[in-house]
Amino acid sequence: MPVVIENLNFTYSKKSAYENHALKDINLRIEDGEFFGIIGHTGSGKTTLIGHLNALLRIQAGSITVDDIVITPKNKKKLDFKKLRATLGMVFQYPEHQLFDETVERDVSYGPKNLKLSKEEVAARAKEAIEMVGLNYEEIKNRSPFDLSGGQKRRAAIAGVLAMHPKILVLDEPTAGLDPRGKKEILELISSIRTKICPTVIMISHNMDEIAALADRIAVMHEGKLVCVKKPCELFSETRLLDRLNIKMPQVTEIALRLAKAGISVGKGIVREDELTAAILSAVKGGIS
Amino acid sequence: MGIITFNNVSYTYNAGTEDAVSAVKGVSFEINEGEFVALAGHNGSGKSTLAKLANGLLLPRKGRVTVDGIDTFDKKRIFDVRRTAGVVFQNPDNQMVASIIEDDVAFGPENIGLAPREIRARVDWALDAVGMRAYAKATPFRLSGGQKQRVAIAGVLALKPRVMILDESTAMLDPIGREEVMTVIKKLNRDENVTIVLITHFMEEAAQADRIIVLNDGKIALSGGREIFSRADELAAIGLDVPLPSRIARRLQENGLELPDGIVTQDDLINALEVCAKKCP
């Protein structure tokens with residue numbers, strides 16, 4: 001079942017001096033198996049939006065369907081939170097800040113334990129999740145999560161979410177603050193999670209090169225509104241829209257546009273490095289033959 | 001003599017215990033006044049330790065660090081060291097002291113006893129420089145991470161340091177915010193002759209510096225101008241990347257296009273391709 005959001009509205013600090021209408025009439029449908037990107041400036045409502053998907057923020061108006069769970073203002077108190085949070089796994093910004101337990105294994109087991117699974121099942125899930133994120137289970141299970149490197153900590157934190165066996169994975173800027181190697185590792189991990197565990201991924205990113213290369217569709221948020229949902233190649237061809245929203249295009253697209261202006265026609269809708277290389281080769285070498 | 005000098009500097013965390021971690025190993029370099037130097041390296045390569053050594057927050061276990069000729073071991077002059085070299089850190093939340101943004105930026109100038117009129121002028125100038133003037137009367141606690149970091153940068157700017165050390169200060173910003181900060185940094189370097197030490201793992205940012213020092217495992221692995229980006233394999237081996245235009249140029253070369261070496265920026269790539277396209281009738 002997909003994720004469906006209808007007429008979602010949300011206001012922070014209602015009826016106070018800090019009142020902030022953070023989400024305005026959001027309507028959105030994310031299909032099963034989709035890699036769905038969300039972009040927008042800081043403060044545009046991205047994090048508020050995904051905070052609704054696992055009911056961390058109490059819904060005020062509208063409705064959300066996650067798999068077969070319906071969240072509305074009327075049922076928000078009777079909601080099966082456990083089921084919801086086992087269905088939709090949430091990896092927050094800087095997830096390593098949420099590591100808390102004495103050992104990596106205990107930390108990763110925390111979620112499944114709360115699902116009241118058998119001891120054996122909890123242990124099996126923790127082992128599987130730790131291995132899934134590319135950490136050596138035997139070597140790391142008894143170590144303190146705080147002694148790991150930055151990239152390892154982040155992977156341990158993601159393992160804690162994967163141990164819940166989610167059907168939908170939501171990630172809020174999963175590569176923020178990592179160095180190039182760490183970034184590459186996390187992106188490869190997300191790809192392998194998609195093929196092995198959880199094909200539906202919703203990801204917030206500020207890195208346009210990253211999101212353009214990965215996402216099937218991208219939603220653009222601006223001042224609490226959903227401006228549009230488009231395929232990367234369509235979205236990043238719309239220079240006027242991007243200018244208006246002050247969104248930087250992927251570097252690859254920028255280079256393609258500048259080349260076109262310089263008379264080297266590489267075609268429209270280029271968002272990936274391999275596409276750009278191929279297009280330049282055919283444009284320049286095409287001139288030779 | 002350079003405004004910052006490192007002479008065979010080593011630093012070990014938890015020295016003498018079983019948790020000892022040797023973070024910087026016999027590093028020597030010099031940064032001249034007015035230079036814009038990038039310190040690049042993967043997480044754990046020793047970059048942040050260098051930043052802390054450079055203004056006396058950490059003292060070397062071995063070797064000497066000087067700032068404007070003052071040894072950082074000189075306790076009596078440590079405040080001169082810190083006034084000369086200001087540091088903007090990674091996490092802005094750890095750098096906020098006041099509940100109103102302009103008070104936060106004024107904290108440094110007040111502490112060094114400037115006249116109220118001068119403080120006012122510096123706070124306005126610093127907030128303008130980071131594009132946060134509109135928030136002068138707001139509280140920093142309701143800002144996004146990126147906005148907070150710009151306020152933190154303004155707080156250091158307001159002290160008008162001769163050297164500004166930015167310890168991954170752009171890592172938490174969105175692309176536009178990052179570009180704004182880079183523009184501010186370059187402007188300060190060009191117009192105010194502030195020496196910039198930019199610690200980063202964004203190679204596109206490092207490429208904008210006059211000189212790049214690449215660290216690996218606590219030692220200097222590579223050092224030089226933009227030409228170091230032609231050593232893509234070495235950079236990849238120590239967990240770093242080359243800027244995207246360099247990567248594209250390399251792949252085009254591998255596919256038989258005759259492009260010059262040393263392509264780092266978009267301009268380089270586009271100019272080279274224009275020349276290349278003209279050659280092919």
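Convention: sequence-line order gives letters A, B, ...; per-chain numbering from 1. Just so you know, these numbers come straight off a predicted model, no measurement behind them. In what follows, every heavy atom counts, from backbone to side chain, and hydrogens, waters and symmetry copies are set aside.
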Let's go through Leu269(B) and Leu259(A) carefully: what are the C-alpha distance in whole Å and the side-chain angles of both, what is the deciding distance for side-chain contact (heavy atoms from CB on, under 4.5 Å) to 0.1 Å, and is it a yes or a no? CA-CA 9 Å; Leu269(B) 178 65; Leu259(A) 284 173; 5.7 Å; no

Go through Gln251(A) and Glu204(B) one step at a time and tell me if the side-chain contact (heavy atoms from CB on, under 4.5 Å) criterion holds. CA-CA 11 Å; Gln251(A) 261 210 84; Glu204(B) 271 83 9; 2.9 Å; yes

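To the nearest 0.5 Å, atom CD of residue Glu254(A) and atom CD1 of residue Ile270(B) are 8.0 Å apart. One finds the CG atom of Asp267(B) at 4.5 Å from the CZ atom of Arg258(A) (value rounded to the nearest 0.5 Å). For the atom pair Ile248(B) CD1 and Leu276(A) CG, the distance stands at 4.5 Å (nearest 0.5 Å). Note that SG of Cys276(B) and CD1 of Ile264(A) are 7.5 Å apart. Values are rounded to the nearest 0.5 Å. Taking CG from Leu178(A) and NE2 from His42(B), the interatomic distance works out to 13.5 Å, rounded to the nearest 0.5 Å. Rounding to the nearest 0.5 Å gives a distance of 10.5 Å between CZ of Arg251(B) and CG of Leu281(A).
Proximity to chain A is limited to the backbone of Ala236(B), based on heavy atoms less than 4.5 angstrom apart. Heavy atoms of Ala176(A) lying under 4.5 Å from chain B are absent altogether. Heavy-atom distances place no part of Lys184(A) under 4.5 Å from chain B, backbone and side chain included. With a 4.5 Å cut-off on non-hydrogen atoms, Tyr94(A) touches chain B through its side chain but not through its backbone. For a residue to count as touching a neighbouring chain, one of its non-hydrogen atoms must lie under 4.5 Å from one of that chain's; by this rule Thr175(A) does not touch chain B. Neither the backbone nor the side chain of Ser149(A) comes within contact range of chain B, judged by heavy atoms closer than 4.5 Å. Residue contact with chain A, scored on non-hydrogen atoms closer than 4.5 Å, is absent for Arg178(B).
Closest of all the heavy-atom pairs between Ile255(A) and Pro245(B) is CD1-CG, 4.4 Å. Here the closest non-hydrogen pair linking Pro180(A) and Gly239(B) is CB-O, 3.8 Å. In terms of heavy atoms, Gly177(A) sits closest to His201(B) at O-CE1, 3.6 Å.
In this structure, the side chains of Asp179(A) and Asp241(B) stay at 4.5 Å or more apart for every pair of heavy atoms.
Atom CD of Gln253(B) has more than 12 heavy atoms from other residues, nucleotides or ligands within 6.0 Å. More than 12 non-hydrogen atoms from other residues, nucleotides or ligands lie less than 6.0 angstrom from CD of Glu19(A). Sparse packing is recorded around OH of Tyr135(B), with 12 or fewer heavy atoms of other residues, nucleotides or ligands lying under 6.0 Å away. Surrounding NZ of Lys231(A) are at most 12 heavy atoms belonging to other residues, nucleotides or ligands under 6.0 Å away. The neighbour count for Lys141(A) NZ, taken as heavy atoms of other residues, nucleotides or ligands under 6.0 Å away, is above 12.
When atom types are taken as modelled, the side chain of Arg181(A) and the backbone of Ala237(B) share a donor-acceptor pair closer than 3.5 angstrom.
Applying the side-chain hydrogen bond (donor to acceptor under 3.5 Å, both in side chains) rule to Arg58(A) yields no partners; only residues at least two apart in sequence or on another chain are considered.
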